[in-house]
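Reviewing the structure listed below.
The basis for the numbers below is simple: all heavy atoms, side chains too, and nothing from hydrogens, waters or symmetry mates. Given the structure is predicted, the values throughout are model-derived calculations rather than measurements.
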Amino acid sequence: MTETTRDENTYEPGRGPGALTLTDDALARLLGAHQMGALAVNKRNGHPHLSTVAYTWDPAERVARISTTADRAKVRLLQRDPRSGLYVSSADFLSFVVAEGEAELSAVSTVPGDGPGRELLAMVPAFDRPQDEAAFLENMVADRRLVIRLRVSRLYGTAIDVPTGR
């Protein structure tokens, strides 16, 4: 399967560059190449609630993991309605991916080294010193942190085909 397919609206003066539809593999790679995005969840009134989040992407499980604290609006909203999406763009904004799915919330980390704490620890680079890992796990408890697991059921997005030589 090719990486992209060209939409019908190719570049013409006044029209702008045409969009390329990305394959599922290309979309997953784009998601994995970044760490920041915007999480969209549903408010009771139907409007979206958006927040900037740091995430990790597990392509084998098709899960985006987001660290957050238990008192955030996104947590309360996801408890009511788990449908959500993660929007990620390239640094130049010429390509983007949206990962849609249903979110699961882990338990809040309450004891250093518990299951949620270990899952949060797996989301960050390894520490050189054991005391840093211990401090991290203690901080996860103090912050009342948990993991949002966005189980991705659909990826979509495009890339802009910028003409060269202009």
Side-chain angles (χ1 to χ4, degrees), residues 1-11 15-43 46-70 72-109 115-127 133 136 140 143 145-164:
M1 180 178 253
T2 62
E3 288 293 313
T4 60
T5 57
R6 185 177 306 281
D7 288 351
E8 291 180 26
N9 61 333
T10 56
Y11 178 79
R15 181 166 287 153
L20 299 173
T21 303
L22 301 175
T23 65
D24 197 68
D25 287 343
L27 291 164
R29 278 195 303 281
L30 180 59
L31 196 57
H34 297 279
Q35 298 173 337
M36 299 296 295
L39 181 68
V41 300
N42 299 303
K43 295 193 302 188
H47 290 283
H49 171 83
L50 294 155
S51 56
T52 302
V53 296
Y55 71 92
T56 61
W57 170 241
D58 182 334
E61 288 188 45
R62 288 182 64 95
V63 172
R65 286 182 171 81
I66 299 160
S67 170
T68 192
T69 57
R72 299 289 182 195
K74 61 183 156 269
V75 171
R76 289 188 305 278
L77 294 169
L78 287 169
Q79 287 169 334
R80 187 181 54 75
D81 183 352
R83 295 173 299 159
S84 53
L86 178 64
Y87 167 84
V88 176
S89 74
S90 60
D92 60 8
F93 298 102
L94 294 177
S95 57
F96 77 95
V97 58
V98 175
E100 287 183 345
E102 294 208 1
E104 298 173 353
L105 303 173
S106 76
V108 174
S109 183
R118 291 283 166 196
E119 188 173 2
L120 289 158
L121 182 62
M123 295 170 60
V124 298
F127 294 105
E133 181 177 307
F136 175 89
M140 297 303 97
D143 292 349
R145 287 214 167 257
L146 61 100
V147 178
I148 298 170
R149 295 180 210 102
L150 177 57
R151 300 218 176 263
V152 176
S153 57
R154 178 178 179 232
L155 293 173
Y156 65 89
T158 62
I160 300 298
D161 185 19
V162 177
T164 57

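- Nearest approach of Ser67 to Arg145, heavy atoms of both residues: OG-NH1, 3.0 Å.
- Looking only at side-chain heavy atoms (C-beta outward), Tyr55 and Val88 come within less than 4.5 Å of each other.
- The environment of CD in Glu104 is crowded: more than 12 heavy-atom neighbours from other residues, nucleotides or ligands sit within 6.0 Å.
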Problem set entry | Val53/Leu86 under side chain to side chain contact (heavy atoms under 4.5 Å, CB included): CA gap, chis, key distance, verdict | CA-CA 9 Å; Val53 296; Leu86 178 64; 3.8 Å; yes
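- Closest approach of Ser153 and Gly101 over heavy atoms only: OG-CA, 3.7 Å.
- Here Arg62 pairs with Asp24 in a salt bridge; the nearest charged N to carboxylate O distance falls below 4.0 Å.
- A side-chain contact (heavy atoms from CB on, under 4.5 Å) with Asn42 is found for exactly one of Asp81, Leu77, Leu78, namely Asp81.
- The stretch residues 85-102 participates, sequence neighbours left out, in these salt bridge (charged side-chain N to carboxylate O under 4.0 Å, His left out) pairs: Glu100-Arg154.
- The main-chain N or O of Ser95 is found under 3.5 Å from a side-chain atom of Ser90 such that the two form a donor-acceptor pair.
- Taking OG1 of Thr69 as the reference point, atom CG of Leu146 lies at 7.5 Å (rounded to 0.5 Å).
- Interatomic distance, CZ of Arg65 versus CG of Asp58, reported as 5.5 Å (0.5 Å rounding).
- Closest non-hydrogen pair, Lys43 versus Pro48, comes out as CE-O, 3.9 Å.
- The ring-ring contact (aromatic ring centres under 6.0 Å, His included) contacts involving residues 73-108 comprise Tyr87-Phe96, where partners must be two or more places apart or lie in separate chains.
- Closest approach of Pro116 to Ser106, counting heavy atoms only: CB-OG, 4.1 Å.
- Considering all non-hydrogen atoms of both residues, Ala99 and Leu150 come closest at O-CD2, 3.6 Å.
- Thr68 pairs in a side-chain contact (heavy atoms from CB on, under 4.5 Å) with only one of the listed residues (Leu120, Asp143, Ile148, Leu105), which is Ile148.
- The CD atom of Glu119 sits 13.0 Å away from the CE atom of Met140 when rounded to the nearest 0.5 Å.
- With contacts defined as side-chain heavy-atom distances shorter than 4.5 Å, the pair Leu22/Leu155 does not qualify.
- Salt bridge annotation for Arg149-Glu61: absent, with no cationic side-chain nitrogen under 4.0 angstrom from a carboxylate oxygen.
- Here the side chains of Val97 and His34 are not in contact, with every heavy-atom distance at 4.5 Å or above.
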